[in-house]
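Written out below as structure tokens is the structure these notes cover.
Here is how names work: the chains are called A, B, and so on, in the same order as the sequence lines, proteins then strands, and each is numbered from 1.
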Amino acid sequence: MRAIETHDLTKTFMRTESRPGLAGALRDLFDRRQTTFVAVDGINLTVDQGEIVGYIGANGAGKSTTIKMLTGILQPTAGTLNVNGFDPHRQRERFVSTIGVVFGQRSQLWWDIAVQESFRLLQRIYRVSDHDFKTHFIDGVAEVLEIGPLMATPVRKLSLGQRMRCEMAAALLHRPSLLFLDEPTIGLDVSVKLRIREFLKELNHRYETTVLLTTHDLSDIEALCRRVIMLDKGRIVYDGTLTDLRQRWAGDRTVRVVFGADVDPGAIGRACEREEETTFRFRLADDEDLSDLLPALVRLGPIRDITVLEAGMEEIVRKMYETGGATA
Amino acid sequence: MAYVEMIRIRFLTMLAYRLNYFSGIFTYIIYTGGYYFLWSAVYANRTSLGGMTAGAMTTYLAVSWMTRSFYFNNLDREIADEIKSGAVAIQLIRPYNYLAGKLVSAMGEGLFRLLFWMIPGMAVAAFLFPVELPTSPATYGLWAFAGLMAFLVNALLNAVFGLLTFFLHNAQGLRWAKSLATDLLSGLFLPLHFYPDWLQVIIRWLPFQTISYLPNMIFTGGLRGHDAWAAIGLQAAWVVGLAALTWRLWLRARRYLVVQGG
């Protein structure tokens, strides 16, 4: 089953430009200059039920606008879209019961009241039965996210990490089959990040929940998404597996070697960088295997530790642009 | 029911800040007392002014402030803030109507202030000053109904001014003017029949009198039977008119959101 399907999804905005200075402001009163701005430019996107998709791109690439159209907040200018079998904007009130949304930068909980009151209100809003609320939510999601001890605390007194766990739980209270996460790990420390990632994997595995994730933290994508969609200037510039993305743009890998004694790495005739006293970094070209390098390393001296470092996402993205390959 | 739950939640939110309200009870008593002494001086040797006795005047002002605690809300500012911060877009991911949600939250707030602030305050004021409470249960019933209508008129008026923020970059001045007009032209401080004739003519065509003056007159016995029902009918007409205006503005605001971006 398809969770998301769009054809030539397009969104243009009208922007009013102000002229500079007082005279300009006066002219603006009578004659406003409007310019059209294409935020999303003919996106074709299909996401199957149960996928976890990373939706990445620089600021202003059109990620948020896409999410707002997919969640029914904005109406597309052109193109068609179908999410969970609905037209999100036209059938908004029925549609939104089938999705969950977490905006990392905005709280959806009621600020001044205890967490449990927010949950109870959401239970009523989404018409979740008391039985489902107990078995699926209190003993399920809330248990796994360890929200129990936070229940009686007002939201404003929670730490960011605690609040994000509650936000995540709130978005899942009505058991949506599709979850939109917009920068869910922004500002969180590593342990909370890891916990939220584990939880999302578990959720996806157990209930086949589809997840569309936008993030600036590329380690989120690496940990969670097999499929990555990259957006730039309102167009999709890459849609495929993370592995494929790596293979095509990851390029050289780096081998980090810790020797057990002082060595002279220049002896094997390869470029290398000294990281520390006896730690060196060697480049491994695309078409080379580790076994091409190993014998030479062994001859240099005793090896204590060896790590192969893959290119990070930042590097891939940069390279994609450098090589002009971002038109796949 | 989700909307009932939203009334409850707002009630709980207010309860979280209940300490702020204990001081409110004293403010209310001081207001009522101040008006009582002021009007005692104005009445001096006269028994009646503009067809009202000193006691009726004190009652009018006491009930005027009490009703205000119920109909008063900051819906205009809340909506304006949510529009400016973009939070209004986030509210659209929930399966309820945004404006209806705002309206019932305001109701929760009003009920809280009425129960925890005004009723205790009124009880103390009635003990200290010659407030003349109506004796007929029917009057209480009519007044309660008129109070509910006053709430709706005021809340819808606030919603209209809040939504104007969508179209005007800064509608704050407009909102202040509206607040002032609501307090002055609604008859909160003074029964409207004390105003000059020309002003009364204007006020008759504005919604403000239905917020305070008409319910207060029902309570003090100035409007009875047929007249009381006519007043409620006028309130209902304003509710329908303002609701239609609010809805049209909301639809236009959503289109604006679509054209200009969130």
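- Taking the charged nitrogens against the carboxylate oxygens, A/D41 and A/K233 have no contact shorter than 4.0 Å, which rules out a salt bridge.
- Aromatic pair B/F116/B/F11: ring centres closer than 6.0 Å.
- With respect to the salt-bridge test (charged N to carboxylate O, under 4.0 angstrom), the residues B/D183 and B/R68 qualify.
- Looking at heavy atoms from C-beta onward, B/I29 lies in side-chain contact with B/L128 at the 4.5 angstrom threshold.
- Of the residues considered (A/Q108, A/R120, A/R127, A/R94), A/R120 shows the highest number of contacts with chain B, using heavy-atom pairs under 4.5 Å.
- Interface remark: of the candidates A/E117, A/M69, A/R106, A/R106 forms the most heavy-atom pairs closer than 4.5 Å to chain B.
- When B/I93, B/L15, B/L12, B/T13 are compared by the number of non-hydrogen pairs under 4.5 Å with chain A, B/I93 comes out ahead.
- Residue contact with chain B, scored on non-hydrogen atoms closer than 4.5 Å, is absent for A/I99.
- At a 4.5 Å heavy-atom cutoff, the contact between A/I125 and chain B is made by backbone and side-chain atoms alike.
- Exactly one of B/F70, B/F72, B/Y71 qualifies for a ring-ring contact (aromatic ring centres under 6.0 Å, His included) with B/F151. That residue is B/F70.
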